[in-house]
Amino acid sequence: MKKLTKVLAVILVAVFVFGCFAACSNSGKTDDTDSDLAYIQDKGKLVVGITDFAPMDYKDDKGEWIGFDADLGRKVAEKLGVDIEFREIDWDNKFFEIDTKGIDCAWNGMTITDTVKLNSDVTKAYAKNQQVVVMKADKVADYKSVDDLKDLNVAVENGSAGKDVAEANELKITVVNKQADALFEVKSGAVDACIIDSTMAAAMTGEGTDYSDLASGLTLIDEEYGIAFRKGSDMVAKMNELFEEFKADGTLNELAEKYNVQLAD
């Protein structure tokens, strides 16, 4: 009888210890622990990392962020049932901001590159773009190839696809914080040209703009835009699902026409 009692006691202790271990292991955890979607919905806000980049994200006369990405971001937030916050960041630090949860995503006409795919999980492409050379309009016809650019001083945004393509072609570069700064450098005569996104070039140069004396010249590379989230984020699948929904209901076409953006195939 004593032996049976001891055996039962050992079994009960084992059950207690196992139960305690399981409870401790799961304390504070839910099935949504690793879900970015749940994290965003729980805090009630989608924080989007951006720069001032027309026509994707820029401020209107009231100081409100508008643009293709900004408008689409608000529609995404509405679908998720959360607010949206646009946070200006140093674009070169976007992956650090994502990893430390300073932002939930980098969404600002972001070119899908190997570096982006290595450091984050990216949505499917939603828009097309090119990296183009912008310079004084009366100089454009003089530069017909990359070799013609070799002696020029070219402004590029730090951390941008423009910087990547300039370095790949061994051009002489001046690094600035924003693509808009690159345009200003050309206008002021501090540099000979800049390499920026064709979407911005179309929106901010030519007749009726602040850069009416500038124009696009060479196209250096074709590319596509996507949205960067943390590695393993379930928001990528959710965003791809919403892209399909917005494509079907005409939202993407409406915004593309409004902001003169080329949609991805």
Side-chain angles (χ1 to χ4, degrees), residues 25-51 53 56-57 65 68-70 72-129 131 156-165 167-168 177-179 197 221-247 252 263-265:
S25 297
N26 291 318
S27 61
K29 293 185 177 182
T30 69
D31 291 338
D32 292 327
T33 300
D34 298 321
S35 168
D36 262 4
L37 175 57
Y39 165 71
I40 291 165
Q41 290 179 322
D42 285 346
K43 68 176 177 172
K45 183 189 297 183
L46 174 66
V47 182
V48 180
I50 64 168
T51 65
F53 172 23
M56 311 311 281
D57 294 293
W65 288 105
F68 183 93
D69 283 347
L72 188 57
R74 288 189 176 89
K75 292 182 181 296
V76 167
E78 183 179 346
K79 289 288 185 179
L80 299 181
V82 299
D83 295 328
I84 191 166
E85 176 185 338
F86 299 105
R87 186 171 296 175
E88 283 192 271
I89 63 170
D90 180 339
W91 197 242
D92 195 38
N93 292 334
K94 56 187 173 291
F95 303 125
F96 174 79
E97 294 281 359
I98 292 171
D99 289 342
T100 58
K101 294 191 174 182
I103 59 176
D104 296 313
C105 63
W107 185 0
N108 185 229
M110 185 199 68
T111 301
I112 301 174
T113 65
D114 289 341
T115 299
V116 168
K117 289 187 283 188
L118 178 65
N119 289 279
S120 64
D121 275 3
V122 193
T123 64
K124 67 181 183 181
Y126 65 92
K128 294 179 181 179
N129 183 59
Q131 290 300 317
V156 294
E157 180 190 30
N158 202 19
S160 70
K163 181 171 181 284
D164 290 344
V165 74
E167 290 177 337
N177 290 325
K178 301 177 182 178
Q179 292 196 60
D197 290 37
I221 191 171
D222 293 316
E223 58 191 26
E224 294 179 313
Y225 287 159
I227 307 170
F229 289 90
R230 286 176 275 279
K231 280 287 188 180
S233 176
D234 57 348
M235 275 297 295
V236 173
K238 183 63 178 178
M239 284 301 308
N240 288 339
E241 174 188 316
L242 290 174
F243 282 152
E244 290 300 320
E245 184 176 334
F246 292 143
K247 183 177 181 179
L252 287 178
L263 294 179
D265 296 332

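This is a predicted model, so every value here is computed, not measured.
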**Message:** Any carboxylate oxygen within less than 4.0 angstrom of a Lys/Arg side-chain nitrogen, looking at Lys94 and Glu97?
**Reply:**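 No salt bridge links Lys94 with Glu97.
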If you round to the nearest 0.5 Å, how far is [atom2] of [Y] from [atom1] of [X]?
X      : Y      : atom1 : atom2 : value
Thr123 : Met239 : OG1   : CE    : 6.5 Å
Tyr126 : Met110 : OH    : CE    : 7.5 Å
Asn119 : Asp114 : CG    : CG    : 11.0 Å
Ser233 : Ile227 : OG    : CD1   : 11.0 Å

Side chain to side chain contact (heavy atoms under 4.5 Å, CB included) partners for [X], two or more places apart:
X      : answer
Leu263 : Phe68, Leu252, Asn253, Ala256
Gln41  : Leu37, Leu80, Val82
Glu78  : none
Asn158 : Asp92, Lys163, Val175

Test of understanding: with salt bridge (charged side-chain N to carboxylate O under 4.0 Å, His left out), list the residues that count as partners of [X], not counting sequence neighbours.
X      : result
Asp222 : none
Lys75  : none
Asp164 : none

Do you know the tightest heavy-atom contact between [X] and [Y]?
X      : Y      : answer
Gly109 : Met56  : CA-CG, 4.1 Å
Ala77  : Ile84  : CB-CB, 3.9 Å
Val116 : Ala228 : CG1-CB, 4.5 Å
Val122 : Ser120 : CG2-OG, 3.8 Å

Residues forming a side chain to side chain donor-acceptor pair (under 3.5 Å) with [X], sequence neighbours excluded:
X      : value
Asp234 : Ser35
Glu245 : Lys79
Asp104 : Lys43, Arg230
Thr51  : Asn108

**Asked** Are more than 12 heavy atoms from other residues, nucleotides or ligands located less than 6.0 Å from atom NZ of Lys231?
**Response**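 More than 12 within 6.0 Å, yes.
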Does a side-chain heavy-atom distance below 4.5 Å link [X] with [Y]?
X      : Y      : value
Trp91  : Gln179 : no
Tyr225 : Ile112 : no
Asp69  : Ile50  : no
Glu157 : Phe53  : no
Trp65  : Val48  : no
Asp57  : Trp107 : no

**Item:** Counterpart residues, ring pair (Phe, Tyr, Trp, His ring centres under 6.0 Å), relative to Phe95 (two or more places apart)
**Value:**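 Partners of Phe95 by the ring pair (Phe, Tyr, Trp, His ring centres under 6.0 Å) criterion come out as none, since no residue qualifies.
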**Asked** Does a donor on one side chain and an acceptor on the other come within less than 3.5 Å for Gln131 and Asp197?
**Response**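 The answer is yes; a qualifying pair exists.
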**Prompt:** So, the side chain of Asn129 versus the backbone of Glu223: is there a donor-acceptor pair under 3.5 Å, distance only?
**Reply:**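 Pair absent, no side-chain N/O of Asn129 close to backbone of Glu223.
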**Asked** Can Lys238 be said to sit on top of Phe229's aromatic six-ring, NZ or CZ under 6.0 Å from centre and within 45° of the ring axis?
**Response**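 The answer is no; the distance or angle limit is not met.
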